[in-house]
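Okay, structure first, notes after.
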Amino acid sequence: MLQADAERMAIPIVITLNGRQEQLNVAPWVTLLDLLRGPMELPGTKKGCDHGQCGACTVLIDGQRVNSCLKLAVTLDGAEITTIEGLGQPGNLHPLQQAFVDHDAYQCGYCTPGQICSAAGLMSEGHAHSREEIRELMSGNLCRCGAYTNIADAIEQVMGQTSKDFKEAAE
Ligand code: FES
Ligand code: FES
């Protein structure tokens with residue numbers, strides 16, 4: 001598709017991205033993933049499969065975890081989007097980011113932004129009440145380096161700090 005076509009067919013949307021309101025004109029075929037990594041210059045969200053199968057592109061939309069490669073940007077008018085860059089920054093890490101560091105929960109790091117955004121969504125869903133449920137409900141986020149044990153350790157630690165179920169299980 002030519003750039004001229006993209007400009008002619010662009011649709012205006014307003015989103016809140018990492019706490020900042022953005023007024024954008026996006027072509028109807030642009031995915032949220034490509035919008036983030038391209039014009040929005042937020043490369044923390046990774047492109048793995050680009051087909052909804054690996055979870056590397058996971059972000060939060062209105063607090064829910066979503067594969068951004070499967071979401072067309074034009075459907076997001078009015079939405080609040082949080083990427084890994086919006087969860088925390090150097091010097092002010094989100095507890096999940098700190099726990100991933102503490103537990104060595106990554107090797108190459110390619111899947112890590114998606115893992116952390118997915119874990120943040122998992123925690124707000126409130127469905128995971130055990131380590132097994134963490135593993136099950138995080139199964140959409142693949143890690144080619146096989147860091148699954150340490151990823152579960154990191155998430156379990158943060159849930160232990162915040163969830164009654166996990167506090168009781170640890171006692
Ligand atoms: S890049 Fe989106 S699920 Fe793999
Ligand atoms: S840390 Fe390398 S893919 Fe997960």
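Values reported hereafter were calculated over all heavy atoms of this structure, with side chains retained and with hydrogens, waters and symmetry mates removed. In listed order, ligands and their atoms are each counted from 1.
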Write out the residue and atom name of the closest protein heavy atom to atom 3 (S) of ligand 2, then the distance separating them to 0.1 Å. R144 N, 3.3 Å

Give the residue and atom name of whichever protein heavy atom lies nearest to atom 1 (S) of ligand 2, and the separation in Å to one decimal. Q107 N, 3.2 Å

Measure from atom 2 (Fe) of ligand 1 to each N, O or S atom of C69 and report whether any distance is below 2.8 Å. yes

Decide, counting backbone as well as side-chain atoms, whether H51 has an N, O or S atom less than 2.8 Å from atom 2 (Fe) of ligand 1. no

If we ignore angles and hydrogens, is there a donor and acceptor under 3.5 Å between the side chains of [X] and [Y]?
{"X": "S118", "Y": "R65", "result": "yes"}
{"X": "Q157", "Y": "H103", "result": "yes"}
{"X": "N18", "Y": "T82", "result": "no"}

If you count the atoms of ligand 1 from 1 in the order shown, which ones are under 4.0 Å from a heavy atom of [X]?
{"X": "C54", "value": "1 (S), 3 (S), 4 (Fe)"}
{"X": "C49", "value": "1 (S), 3 (S), 4 (Fe)"}
{"X": "D50", "value": "1 (S), 4 (Fe)"}
{"X": "C57", "value": "1 (S), 2 (Fe), 3 (S)"}
{"X": "G52", "value": "3 (S)"}

With the side chain counted from C-beta on, respond yes when M9 and P28 share a heavy-atom pair under 4.5 Å apart, and no when they do not. yes

A quick test of your reading: do over 12 heavy atoms of other residues, nucleotides or ligands sit less than 6.0 Å from CD of E85? yes

Quick check: are there more than 12 heavy atoms from other residues, nucleotides or ligands sitting under 6.0 Å from CD of E136? no

Sub-4.0 Å heavy-atom approach of A147 to ligand 2: no

Relative to the heavy atoms of C143, which atoms of ligand 2 are at a distance of less than 4.0 Å? 1 (S), 3 (S), 4 (Fe)

Provide the number and element of each atom of ligand 2 under 4.0 Å from a heavy atom of G109. 1 (S), 2 (Fe)

With respect to atom 4 (Fe) of ligand 2, please indicate if C111 possesses an N, O or S atom at a distance under 2.8 Å. yes

Hey, could you give me the NZ/SG distance between K46 and C57, rounded to the nearest 0.5 Å? 12.0 Å

Please report the interatomic distance CG(L33) to CG(N67), rounded to the nearest 0.5 Å. 9.5 Å

Quick one: does Y106's side chain have a donor or acceptor within less than 3.5 Å of a partner on A147's backbone? no

